[in-house]
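In what follows, chains carry the letters A, B, and so on, assigned in the order in which the sequence lines appear, proteins first and then strands, with residues in each chain numbered from 1.
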Protein chains: 2
Amino acid sequence: MVEHRTSPHHSGPGRAAEKPHDHDACIDTAIARARALCEERSVQLTPIREKVLQIVWRSHKPVGAYQVLDELSRTHKAARPPTVYRALDFLIAEGLIHKIESLNAYLGCGEAGVAHTSQFLICRSCGTTEEIVDPKLDQALDAAAKRARFTVERKVVEIAGLCGRCAG
Amino acid sequence: MVEHRTSPHHSGPGRAAEKPHDHDACIDTAIARARALCEERSVQLTPIREKVLQIVWRSHKPVGAYQVLDELSRTHKAARPPTVYRALDFLIAEGLIHKIESLNAYLGCGEAGVAHTSQFLICRSCGTTEEIVDPKLDQALDAAAKRARFTVERKVVEIAGLCGRCAG
DNA sequence: TGGGGGGATGATACAATATAACTTTGGGGC
DNA sequence: GCCCCAAAGTTATATTGTATCATCCCCCCA
């Protein structure tokens, strides 16, 4: 169900099919960054929140809230849906994870702490979802909204299809 | 709950705050187009499907499936969730409505029968959701996907914020 | 030092969205 | 008449997400 360290997959925008991906390091980096950011912002990355962040980061596939709950329950018997949704809400508010709307699922944010708008490439075959940051695309969104006299607050861009690995 | 004929709101991409919108005519056009398209394609726009299409078209706000169910039940006592979801699935497959993923709700398609990829501007204040078709934006999406060696099958672009009317 | 406030979590219940699986209906072709 | 098939009926359940109130715990500070 969950990907572990040895599974090789691509790691960054526009750089598919390169060297294997050390996912443990990937998680560790994300957690360390999250700790630093929460420290900076004087918000609490509590044990539950950190655990949920870790669970979401265990793969590069979006994870459902109840899947998070299952995992969390193993170490935290008292966990219930609100436990998970509160943690997810916190992590989203702090920009540490994203919600993938078309899947009702959650994904670790690869750009935590950096101002950005991201887009997602969701492979329907392997489930791997890549976060990309494309300023041109983002500008095109802003321009389109502006033409319609629309004030943008939130952007959802999710592209579903086949990743290079699965199509190739 | 539902908007009726006299409610004026803007009607097309990039043309906010113009003359009142005759929504009855808007619905009628959509239904007529749907009939013609289904005829052409030899698929059945059954009474239930047409009624659901009409319900979705009653406003320019996305409508939830259970809201559709409530309305449908008034004239169709046997209606149940599968009744509605089947009709919605059919209408989506035929390109007559769209699902707004970030709201889990459904919206009439203003470009039925024309090949297009659309984007949505969702006003958080009044709920009105405008479908726009912006080829530049669409190209930017394709270009971004291509750079990541990703084969696009479906695109979800939803921008939430304030429409001109509500921001102004 | 103990009382109050607030953020986080516990706990229970439920709401909202969506699908599975099997049955029945009805119209068209043979 | 009989079969076939798409559509709709029917029942049950799965999945996703919230509301609400209680409790805990830490920090502040009078």
Side-chain angles (χ1 to χ4, degrees), chain A residues 1 34-35 38-39 41-53 55-56 61-94 96-107 122 127 156 158, chain B residues 1 34-35 38-39 41-56 61-94 96-107 127 156 158:
Chain A
M1 185 118 311
R35 283 185 182 141
C38 290
E39 178 86 9
R41 296 172 184 168
S42 305
V43 295
Q44 306 176 53
L45 188 62
T46 62
I48 287 179
R49 290 167 176 176
E50 185 171 320
K51 184 75 188 172
V52 167
L53 181 59
I55 290 167
V56 170
K61 307 178 189 187
V63 181
Y66 279 73
Q67 206 177 327
V68 171
L69 178 55
D70 282 351
E71 302 259 357
L72 183 61
S73 295
R74 292 180 191 175
T75 58
H76 190 93
K77 296 285 168 56
R80 296 283 179 275
T83 316
V84 168
Y85 282 102
R86 284 167 184 156
L88 292 171
D89 287 348
F90 169 85
L91 296 169
I92 289 168
E94 296 301 326
L96 301 172
I97 64 174
H98 295 289
K99 178 169 187 181
I100 305 300
E101 297 289 349
S102 59
L103 299 176
N104 295 319
Y106 305 82
L107 183 69
I122 306 166
V156 173
E158 298 172 10
Chain B
M1 184 118 311
R35 283 187 182 139
C38 290
E39 179 85 9
R41 296 172 184 169
S42 304
V43 295
Q44 305 175 53
L45 189 62
T46 62
I48 287 179
R49 289 167 178 177
E50 185 171 320
K51 185 74 188 171
V52 168
L53 181 60
Q54 230 167 44
I55 291 167
V56 170
K61 307 179 189 186
V63 181
Y66 280 73
Q67 207 176 328
V68 171
L69 178 55
D70 283 350
E71 301 259 357
L72 183 61
S73 295
R74 292 180 189 175
T75 59
H76 190 93
K77 297 283 169 56
R80 296 283 180 277
T83 316
V84 168
Y85 282 102
R86 283 166 185 157
L88 292 171
D89 287 349
F90 170 86
L91 296 170
I92 289 169
E94 296 301 326
L96 300 172
I97 64 173
H98 295 287
K99 178 170 188 182
I100 305 300
E101 296 289 348
S102 58
L103 299 176
N104 294 319
Y106 305 83
L107 183 69
V156 172
E158 298 171 11

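Scanning for salt bridge (Lys or Arg N to Asp or Glu O under 4.0 Å) contacts around A/Arg35 gives A/Glu50, with sequence neighbours left out. Partners of A/Glu39 under the side chain to side chain contact (heavy atoms under 4.5 Å, CB included) rule, at least two apart in sequence or in another chain, do not exist in this structure. Residues passing the side chain to side chain contact (heavy atoms under 4.5 Å, CB included) test with B/Ala105 are B/Pro62, B/Leu103, sequence neighbours excluded. In this view, A/Thr75 and A/Lys51 satisfy the side chain to side chain contact (heavy atoms under 4.5 Å, CB included) rule, not counting sequence neighbours. For A/Arg86, there are no salt bridge (Lys or Arg N to Asp or Glu O under 4.0 Å) partners at least two apart in sequence or on another chain. Listed by chain and residue number, B/Glu158 satisfy the side-chain hydrogen bond (donor to acceptor under 3.5 Å, both in side chains) test with B/Ser102 (two or more places apart in sequence, or in another chain).
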Open item on the list: side-chain contact (heavy atoms from CB on, under 4.5 Å), that's the test. Do B/Glu71 and B/Val52 meet it? Break it down for me.
Closed with: CA-CA 9 Å; B/Glu71 301 259 357; B/Val52 168; over 6 Å; no
Going 5' to 3' through nucleotides 25-30 of chain C and flagging B where a protein heavy-atom sits under 4.0 Å of the base, S where only the sugar-phosphate is that close, and - otherwise, we get ------
Heavy-atom contacts, protein to nucleotides 8-23 of chain D, under 4.0 Å, summarised as B (base), S (sugar-phosphate only) or - (none) per nt, yield BBBB----BBBBB---
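Side-chain N or O atoms of A/Arg49 include none that pairs as donor or acceptor with a backbone N or O of A/Phe90 at under 3.5 Å.
Within the structure, every side-chain polar atom (N or O) of B/Gln44 is placed at least 4.0 Å from both OP1 and OP2 of D/dA6.
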